[in-house]
Structure formats: structure tokens, C-alpha cells
A.B. asks: 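First the structure, then my questions, so here it is.
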Amino acid sequence: MNFKEYKNLDYAQVADEILKFWQDENVFQKSIETREGNPTFTFYEGPPSANGTPGIHHVMARAIKDIFCRYQTLKGKQVKRKGGWDTHGLPVELQVEKELGITKEDIGKKITVEEYNQKCRETVMKFTDQWNDLTEKMGYWVDLENPYITYENNYIESVWHLLQQLYKKGLLYKGYTIQPYSPAAGTGLSSHELNQPGCYREVKDTSMTAQFKVKHTGKSAFLFDDLQSDAAELFILAWTTTPWTLPSNTALTVGKNIEYALVKTYNPYTFLPVNVILAKDLIGKYFNEKGKDGDFATYKDGDKIIPWTILSTCKGSHLEGIEYEQLMPYVQPESAAFRVIIGDFVTTEDGTGVVHTAPTFGADDFRVAAQNGIPAILVKDESGKEMPLVDRRGRFVAEVTDFALEYVKEAYLTDEEKEVEREKQNRDKYLSVDERISIKLKTENRAFNVQKFDHPYPHCWRTDKPVLYYPLDSWFIRTTAVKDKLIALNNTINWKPESTGTGRFGNWLENLVDWNLSRSRYWGTPLPIWRTENGDEEICIGSVEELVNAVKHALKDDVLSAEQRTKNEAFIAKVESGNHDLHRPYVDEVYMVSASGQLMTRELDLIDVWFDSGAMPFAQWHYPFENQEVFHQSYPADFISEGVDQTRGWFFTLHAISTMVADSVAFKNVVSTGLVLDKNGNKMSKRLGNAIDPFDTLKKYGADPTRWYMITNAQPWDNLKFDLAGITEVRNKFFGTLTNTYNFFALYANLDGYTPTGNIDLSIATELDKWILSKLQTLIKEVDESYETYEPTKAGRAIQDFVCDHLSNWYVRLGRRRFWQGEVTPDKQSAYETLAYCLKTVAQLMSPVAPFYGDWLFRNLTEDTNQSVHLTDFPKAQEAWINLDLETSMDLAQRICSLVHSIRKTNRIKVRQPLSKILIPILSEKTREQIRSVEDLIKTEVNIKAIEYLDDASGVLSKKVKPNFKALGPKFGKEMKAVADGILAMTNEAIAQLEQTDSYLIPDTSYQITKAEVEILTEDLPGYLSAKDNDITVALDITITPELKQEGIARDFVNRIQNLRKDSGFEVTDKISIQLLDTDAEVSEGVREFKDFISQEVQALSLEIVSELSDGQEIEFEELTLVAKIAVV
RNA sequence: GGGCUUGUAGCUCAGGUGGUUAGAGCGCUACACUGAUAAUGUAGAGGUCCGUGGUUCGAGUCCACGCAGGCCCA
């Protein structure tokens, strides 16, 4: 066959051509079809959202996914990969609102929910084309024809089915969580709403440090032991900017590693002696330095300087479990409370390092209390429902007798209301609840410090009034109930890197809270739960069929109004015609009737979009309504990969849903990838203008160099500092070298018309062939194992090293002359077969990472024009071809050559000047044999005539020993230094003795050593120019005899003629004639002497030395200028 | 503030289980080579292995405490 030769290869064009080939020949489909019946390898695609444009980091993420799917395909697995789109959620809603110029407030007013959702549906797939384009151009194989789309009815139906299963298992419940809430507007606020400009404002609040009285129990005994008086009272200090939450306090939270101090002092308001506990670092904020260790005896009430002294200190962890008295006992909790707990959110930035914890009014408080089994303080409203001590309008409930029905924030009162209150209070000025609580506690000796405090506080964007953190209803999944199972199953997952699984994910599971499923939005999967108004009866729907049945059932009753009946009938009609939509508002307009004959309406919440994506193993196949078999074949996934930021996102939701529903992991192997940063390590952003356009990059550099760079530069889980210069480097260094190597092969194979058979015949293989074959087998094993263990970086780097260092720079460079020979000899044949086999194997090994180029290279070497590298089987290493002895020999050869080059260089003797010999001291017979087997290579490479070996018998060898610390260490331990000194002092005779008897006693000591405990090296040879690299020493005989000089001249002459040929534009195959003007006797003599050699090298049919030459060309030759003439014959 | 992670040459990165001289590529300097040439070879300059303490005969490697960057969470 004819091998294509390339000049200035454009890798983007390679990708285009191969892409077209894939499309024309349906290679992707074939790669799946040809594996029909084989074991499957399942990959789950984490769905991207197509409402934004793809970035360069998506190329990275998808390259990782692609690599292992392609690899497993090569290994014979059938790898189906269904694409998918994430279509619900806030980002879509925000984008629509931006485009329409509306806010959430306008939904249902300026625009109907129907219209709004229609717009979301259109917007979310806006950039699908760009995504598909990128997918193709980067060579990512994923099924884009039949992707799963989370907004489709079938998908939603599967999600409902999952939710119903959770419901049936009792894992779905309605509860409350602490959320930002605006009493003035009567609505909860999303975190997004709180992040709008102007929401956080500086306000001046009454802040108070309260004293919580410690009970004397076993847990607190150690503190009481430190007190100097038995009668003294002991308090824990906690600070708050919301004194109105103090009646709801049920716990005090401390940091486990924070150091706390027990301080003896006086209360500044009551002047009573007190002992208080607070963080040691914060003492300076509460106590005047002048009072430190002051005189307690002379202290009088009202003294400005209050004496204080530290009695003891301890870590927060020691305080855990200490009980204290309830501070404001209006309402009692249902179970045991009022004790010290540990929380990770405690700081010593302000306050006392102790956080007053009211589970009803703080998200942290709620969480940490729940984790420690601390109850909240609740009362029952008129309908018997539990509620906190503050009602939905922001007023204390009646049970808080002193402040019953008063607004907890001054800002909620109008001026008129304030005036009424002022009169009630009988004061000059209205005092807020916070202020009066402070006064009350001051008089009770329970306030240690009260002051105004400026801080930013969030406000409602609609009413401008302060927000409260308030318990609001939500639907939850009881993930805490399956925590142990989640952890146990997680331990069976192979995480790359491991730390993400054990650390980030493992810790997250350890500290799990129930999954808040509710979202008060419009565009998303509706919660399929219908409820009676009082919540006594409810139903969770698990399919469209159930929904329709329930609706039909409702129509039988006469509970529904005429309008409700009409809506129900309309819905049924739509389902029957296949026009239905399971989104809002349609499902909201469906009414059911409970068993007891009450109206049931849908809970208006949508579910967290993360549930959508976590449901994909089931919902992508519309399981269990369709595709049962496909589902079972592809569950759980063998492999998934996403960014590490998905740990608590997709990774968790996949894992949680699978665990709860199927009692199984969702994925067996997961690669969590790092971020793609700009070249300076900054996050890429369109705003900063440092974002890299993936399309430009692929177009300019090609997909393969881009992918190769990303994979080999950093491990997938490390952040990648993306630098375009790096792609250039990879392109020139790796792809350039590989292409050159291929071109070299193609050039000569075409000249000879040789087509490799694909059979390696070891009987005609040279040492060099056997060596590269051995190296290649080792490479196959290494690459196979790296891919198998999800280490693409190792695989890529190994391939790169093989191609650049071994194949190109050693095998081809040393073997070049073999290809120049005239006819196809067995030797040449072996060279062709070996090189072609190496290239083809490299193409296979690299194809998962560089799918286009790999295929291109493979196809260039393959006759069958329909064949693709991606349809082949992964190469199997031929263990029998691995020859470690030979690899050691070649390593010696490389090092010896390097040493000789180095000596030549320092003595300015060019490689073209042949030299007579090198001398190599030999310490063992084995080394001699190893070098001998590659002697010819060395001689050719460094242009010397002979290698002489020097052993002990030569008598000129001078040796040196170095201690082998690894061997000596365990034996001598502390005596190491003395032993090492003794070894370094060994004489030649001592070394000889050690070598012969394998034993040596270091003089004047009892240290006996053996050969294995030292390293014996040779010293430089006296009288020769030598160089040394660890255990190898080489000496070079630089005597240039007249014969050698002549040969040097001949070689130089060859070189000049070759240059002339090239400059004259002759073809490699052209035969020439040479005429040389007789200028210098020595040169002429040399040329004459080596006429045959020269003629053969430059393919000259004639070579004459003439005394006259009119139209010759001048050649620089050492200090001379020669004149020669060459012509094609 | 918490969890995880990274820190080695100007840049990008290697450096099983501790072993005394810490490597590679790119870049830089000089020289060489030139029928694979957007290459290649040789030599050179370039290091507080983030810091401090500890364990050890011996620490880039193990331990503790910090510092700086990143991600997630609060």
C-alpha cells in the first residue's frame, strides 16, 4: 500500500476529516453494535443545562468521560452512553425573567404561569446547537439522538414514581426549616432574593451578653472545683444581637477547639461576685486590663475598675454536656434541653465564643440542635399546630407573658402603634422588646453586658422591613433515616481521588440533615402530593395513570365545585389526547377527593432540581413504565465523572435516591474533576475576560492536542492552569514527533514499496528491535493498568515518554541507516515491521485520549479504509517479548553514549571524527555481557572503533566505595555515622578484601560489613579523558591516527555532499556524479582512500578528483574552501 | 469558622513503603548536528522542596502547629 506523507499537518483538519469518516461510517454506532452480547460498561451522563454556552472546562470534563468509555469499548465492553439535559431550576427562571424584564412578583399578574413556563421551556434548550457542536468537534461520543430531558412528561412520571416509593417507605414528610422570612410581607425569601443589592443594611440593634447559670453536676464539677468559694455562682456568657430570641433558647454552642477561660469577677450592673466562662481570646473585649488580678478585697459597688482573674482554662470539648438553668422560663421544652453542645460554626471573632442557640430562629441553631437531640421551644396555636414563640406577623405569642402580642422588632410598628405602646409602658420613650428584655435580665443578675451594636442585617426587598429567620413548612426526605446505609454503600464506591469520597463526601454523609425538597417556584417538577386543607389526609401520586384515576374518582363525588369539575375533565381530556403537561399550572388545576370526602389540592411546592438529575438512572429510561430490561442492564453505573463541586450535588442525589429506592449504589467508580483556571490560577469568567473560548481553541489547535494537553498536564482532580502555550508545546513535542516518526516510516516504506505484514519475526529482529518491542510491551501493560484504574494522566505521560524518548529519539535515530539500505533485506524488513507495529500500537493506546489523531494514525497504517482504531481490541502485552536484561543493556548504552558525547564535547572533537577506542571499567561479568550485546550500537552512535573492558586483572582499576544507607541503617542505627566514615576511608586493598571475602571489619571498631552494604564504584582512569555517571565510568582514547584523520575527512566530505544534494533539491533516490578540485593534499588523500564509502553514502556513481573545475560550488571545509561539482546522472 | 485539597527550578509537573548528589519538559545561555528538521545532541545557569517545631542515625517524604491559594459549606 501507499502510505500518505504529510507536510505541515493541521490537527484541526485531521479532526474534521476523521469526524466526517465517523459520521459517514457510523463508527460510534458500530462501536456499540459490534460489542452486542458482550459485558456492558455503563456510564451515566451528568446532564448539563443548555441555557448557557459551553466553556473550555466542559471540554476537560467531557474528555475524562470520553476516555474511559472509549477505553472500555476497546476492551470489548458494550458502552452505551445516553446524553441528557438538565432543564429545570432557578437559573432558567432568572434568565427568562431577565429576558422578559419581569420579576417573580409579576408571575400570575403580568404573565400567566402557563406563559411563563412556556417561555422557560423554550429558553432552556436555547444553546443546544452549540452544545451539540462542541460535543462533535471535541470528539466526545455520547448519544445525542435520544437524550433524556428532565422536563418531559415521561421523565417527570418516573420522578413521581420514585417520590411515591419514598413516600410509601415513610421517607417523605412535611416539616419545617429555618428560612429567611418577612413577617411584614408574610412570605419566605430565597437566598437569591436576599442577595439582591440593598437588602443588607447597617442597623443598630441592642446586643446583650447574657449569663446562663451552670448547674452543679458531674459534668461541671471540675469547674466548680476551680472556684475559690463554694457558694459562688457560675455562669456561661453568650452574646446575641437578637435578645427577643432568648426565651426560645434551649442550648449553648461552643467550638471544640476553642480555649475557654473561667474568670472570677463582679457583675457590672448588680456588683455581685460572679464566675463566668467565655473564650480566652475574647477576654480583652469584656475586661479592662487594669483590673487584671485586681484586689477583690477592696472592691466597692460601682467602682470603675472591676477586678478579675482567670481561675482556669479548658478546651470547648470539655464543656460539652454541661447543664444550665433556663434563662427566661416562659415555656418549657418537650424534652431535656439547656446544655452545652459542640458546633463547627462557633468563632471567636465577636461575642464570647459561646453561641446562644434558639432552634426556631437560626439555621445553624436548628441544625446543631437537631444533631444533638435538643428540642425547640414550641407552643400550640388555636388549631393545635405547633408554632414558635413568635407568630407569623412577628409578634410574641401570649405565653410569653411579659411581652405577649408585642412585635419583636421595633421596625414592625408604625409610629401610631409605638405611641400606643409607649403609653402602655408608661415611659417617655417607647422601649423595644429587646431593650426591655435587657433591663429585665440586668435586674435579675443575668446580663453581663448590654450595648448598641452596628451590623449589617438583611431586609425584605418588598417591604424594607427586617427579615426574621423563621421556621417555615417544607417537604423533606428523611435521608437521616438511611444515613448508615448511605455510609456503608459509599464505602464500596471507588472514588478518584479517594479523599473526595472519604473526606468531602464521607464527612458530608456523617453530618447529614434531611433533604429539603421544597422549592416555591414555577418551572420544575411539581410535588405529586395532594392534601386536604387540614392536612389530615393526603395522597402521593406515582404515575399519570394513578393521577387520572384519582381525578376520575373525584368526579364521581359531588364535593367538587362546577369549576373544579370542569378543570378535572379538561385535564383528563388532555391526557387522553396525549396533550397533557405535568407542569404547573395544569397539575395545580387538578382536584381530588379524600376517603372521608374532603377536597384535596396539590401542595404547591416544586421539588429541588437536584432530585431530577439524581433520578436519571431510572428516569432516563422512563423506568418502570418502559425499558425495564435496558434499565436493569445499565444499573448501577460503572463509571461517572463530574466536577468536585458536584459532591453535594449530583453525586449525592444519585447516591441518596439509589440507596433509598434500590438499596444499591448508583455508581461504582467516580472521578471528581478539578477546576479549569486561567494560566495565572484565577477562575475564568466572562466578566474578567480571561475565559477561553472552546470553539476557537479547538479550531486553532485541534481537539487532540487540546485534550492531550489537558489530560497530561495535571491529574484530573487537580485544578488545571489552562495555558494555550501548553497546547502548542504538546502539539510540537508529542504530536510533532509522532507525526515525524510516521512520516519517516512512510517515506522509506513508499520508496521500497514495502507493506508491513503485521507479523513480527523475532528471528530477524536486531537487538534494537527487540529492545523497542520489549519497551512497547511494558508500555501496553502500564497504559492498560492506568486506564483501568482511572489514571489517564499516567497513561498519557507514559505514551508520550515512549514516543519521544524511546521510539523517536533512540530507536529511529539509531536505526535510520537501516532504512537507507538499497534493497529490502531481512534486517530492513524487521525494521519496517517493528516500527509499523509500534506506531499502530501507539495509535491504539492513545486513541481514548486523542480519538481523532489516534484514528488518523491508525488508518494511515491500515489498508482497510473502513477500519477505525475505535473498533479494534486493546493491544495485549506479549510477556515473552519483555526482556529486562536487554532494557538494562540499552540503558547502559544510552548512558555510555551520553558520557562519550560529553567527553568529545569538552575536548572539541566532533562526532564525525572517528576515534579508536573507549575503555570501560567493569565490576562484574554481567555488566560486561550487557554492554557487549549493544556494543555495535554504541560504536556507531559515538563513532568509535572499539570498546575495551578493564577488569581487576588489568591492574589499572581504582575503586571507591559508598555506604548503602538503606542496607546499613537498620543494622547500625545510631552508629551509622561512624560506620559511614569507616567505609569512606577504605583503601583499594580493603575494597579488594571485601570483594573477595564478602566481609570487612572496619579498623578499630566492631563493625563488620558485607558487599551488599556498600556500593562499589570505579574511579577515573589515570592517563585518559574520562567521565562518570553513577556506577559507569568511560574513558576515551582521543589519539587521532592518520587513518582516523582520513576517515574523519571522508565523513565530513560526505556531510558536505549531502548538504549540496539537499540544497540542489535532488530527490533522495537520485544518483549523482561528483567532481572535486584537488586543493589540499590531505583532503584529497582522505577522499581517495574512502572513495567507496563516500560513494555509497551519497549514492555517487562516480567520484573524481580533478585538477581543474570551472563551474563547481564552493564548500567550507574546516579552515579550507573546497570546490566541487555534483550532478544527477 | 468547618471539611477537603494544593504548595518542589522563571513556568508546567515527576518524585512506592524515610536512605545522604531532588529530577523531567518548556523557557534562558553557549556549543554542536543537519536526507525525521516547527526537530535533535551536549554543556551551563537556575531550588530556603511554603514556614516553624518534632520523631529518626537519616525527612521533599512521617507527625504537630501555622502561612498562602483553590473548592464546597456556614
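Residue numbers begin at 1 in each chain, while the letters A, B, ... track the order of the sequences.
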A.B. asks: Where the side chain of A/Ser898 meets the backbone of A/Gln894, is there a donor-acceptor pair that is under 3.5 Å apart?
C.D. replies: no

A.B. asks: Would you mind reading off the distance between A/Asp801 atom CG and B/C13 atom P, rounded to a whole angstrom?
C.D. replies: 16 Å

A.B. asks: By nearest atom, which of the nucleotides B/A39, B/C13, B/U17 is closest to the A/Ala714 side chain?
C.D. replies: B/C13

A.B. asks: Looking across every strand, which nucleic acid part, if any, lies under 4.0 Å from A/Phe1066 by heavy atom: base, sugar-phosphate, or nothing?
C.D. replies: base

A.B. asks: Rounded to whole angstrom, note down the C1' distance from B/A68 over to B/C57.
C.D. replies: 34 Å

A.B. asks: Just how far, in rounded Å, is P of B/A39 from CZ of A/Phe734?
C.D. replies: 16 Å

A.B. asks: Of all the choices, B/U5, B/G35, B/U37, which nucleotide is nearest to the side chain of A/Ser499 once you look at every atom?
C.D. replies: B/U5

A.B. asks: Which is true for A/Ser808 with a 4.0 Å heavy-atom rule: it touches a base, it touches only sugar-phosphate, or it touches nothing?
C.D. replies: base

A.B. asks: One thing to verify: whether A/Asp1052 and A/Arg1056 come together as a salt bridge, which I'm taking to mean a side-chain N less than 4.0 angstrom from a carboxylate O.
C.D. replies: yes

A.B. asks: Please state whether the phosphate of B/A24, meaning OP1 or OP2, lies under 4.0 angstrom from any side-chain nitrogen or oxygen of A/Lys733.
C.D. replies: no

A.B. asks: Rounding to an integer number of Å, can you tell me how far A/Leu720 CG sits from B/C11 C1'?
C.D. replies: 14 Å

A.B. asks: How would you label the contact of A/Thr502 with the nucleic acid (heavy atoms, under 4.0 Å): base, sugar-phosphate, or nothing?
C.D. replies: nothing

A.B. asks: Nearest of B/G2, B/U42, B/C26 to any side-chain atom of A/Arg648?
C.D. replies: B/G2

A.B. asks: The side chain of A/Arg731 is closest to which nucleotide in this list: B/C57, B/U6, B/A38?
C.D. replies: B/A38

A.B. asks: Give A/Arg904 one of three labels, base, sugar-phosphate or nothing, depending on what nucleic acid heavy atoms sit under 4.0 Å from its own.
C.D. replies: nothing

A.B. asks: Side chain of A/Asp718: nearest nucleotide among B/G35, B/G25, B/U6?
C.D. replies: B/U6

A.B. asks: Specify the residue among A/Lys721 and A/Arg367 whose closest nucleotide of RNA chain B lies further upstream toward the 5′ end.
C.D. replies: A/Lys721

A.B. asks: In whole Å, measure the gap between the C1' atoms of B/C11 and B/G3 for me.
C.D. replies: 31 Å

A.B. asks: Looking at A/Glu791 and A/Lys496, is any side-chain nitrogen of the basic one under 4.0 Å from a carboxylate oxygen of the acidic one?
C.D. replies: yes

A.B. asks: Find the partner of B/G23: check Watson-Crick (N1-N3 plus N6-O4 or O6-N4) and G-U wobble (N1-O2, O6-N3) distances, both under 3.5 Å, and reply none if neither fits.
C.D. replies: B/C13

A.B. asks: Of all the nucleotides listed (B/A39, B/A36, B/U21), which has the minimum atom distance to the side chain of A/Lys962?
C.D. replies: B/U21

A.B. asks: Can you tell me the pairing partner of B/A68 across any strand shown, Watson-Crick or G-U wobble, with both distances under 3.5 angstrom?
C.D. replies: B/U6

A.B. asks: What's the closest nucleotide to the side chain of A/Lys966 if the choices are B/A38, B/A36, B/U17?
C.D. replies: B/U17

A.B. asks: Among the candidates B/C13, B/C26, B/A36, find the nucleotide nearest to the side-chain atoms of A/Phe744.
C.D. replies: B/A36

A.B. asks: Do the side chains of A/Arg1061 and A/Asp1070 get close enough for a salt bridge, i.e. N-O under 4.0 angstrom?
C.D. replies: no

A.B. asks: Would you say the ring centroid of A/Trp495 lies under 6.0 angstrom from that of A/Phe651?
C.D. replies: yes

A.B. asks: Considering only NZ, NE, NH1 and NH2 on the basic side and carboxylate oxygens on the acidic side, decide whether A/Glu1097 and A/Arg1051 come within less than 4.0 Å.
C.D. replies: no

A.B. asks: Between B/G27 atom P and A/Glu729 atom CD, what is the distance in whole Å?
C.D. replies: 7 Å

A.B. asks: Calculate the interatomic distance between A/Leu807 atom CG and B/U40 atom P; express it in whole Å.
C.D. replies: 14 Å

A.B. asks: Measure NZ/A/Lys794 against P/B/G16 and give the value in whole Å, please.
C.D. replies: 11 Å

A.B. asks: Taking the six-membered ring for Trp, are A/Phe3 and A/Phe745 parallel (under 30°), tilted (30 to 60°) or perpendicular (over 60°)?
C.D. replies: perpendicular

A.B. asks: So if I take every side-chain heavy atom of A/His901 and compare against B/G70, B/A36, B/G41, which nucleotide ends up nearest?
C.D. replies: B/G41

A.B. asks: Is there a side-chain polar atom (N or O) of A/Arg816 under 4.0 Å from OP1 or OP2 of B/A36?
C.D. replies: yes

A.B. asks: Less than 4.0 angstrom between a side-chain N/O of A/Asn809 and OP1 or OP2 of B/G41, yes or no?
C.D. replies: yes

A.B. asks: So if I take every side-chain heavy atom of A/Asn507 and compare against B/C4, B/G41, B/U42, which nucleotide ends up nearest?
C.D. replies: B/C4

A.B. asks: Under a 3.5 Å limit for both distances, which nucleotide forms a Watson-Crick or G-U wobble pair with B/A36, could you say?
C.D. replies: none

A.B. asks: Return the value, rounded to whole Å, for the distance between atom CG of A/Leu9 and atom C1' of B/A39.
C.D. replies: 15 Å

A.B. asks: Give a yes/no answer on whether the side chain of A/Asn713 brings an N or O atom under 4.0 Å of OP1 or OP2 in B/C13.
C.D. replies: yes

A.B. asks: Which part of the nucleic acid, if any, lies within reach of A/Asp364 when heavy atoms closer than 4.0 Å are counted: base, sugar-phosphate only, or nothing?
C.D. replies: sugar-phosphate

A.B. asks: From CZ of A/Arg1056 over to P of B/G35, roughly how many Å is that when rounded to an integer?
C.D. replies: 11 Å

A.B. asks: Quote, to the nearest angstrom, the C1' distance that separates B/A39 from B/G58.
C.D. replies: 45 Å

A.B. asks: Which residue, A/Ile1057 or A/Thr500, contacts RNA chain B at a nucleotide closer to its 5' end, judged by nearest heavy atom?
C.D. replies: A/Thr500

A.B. asks: Regarding A/Asp364 and A/Arg367, does a basic nitrogen lie under 4.0 Å from an acidic carboxylate oxygen?
C.D. replies: yes

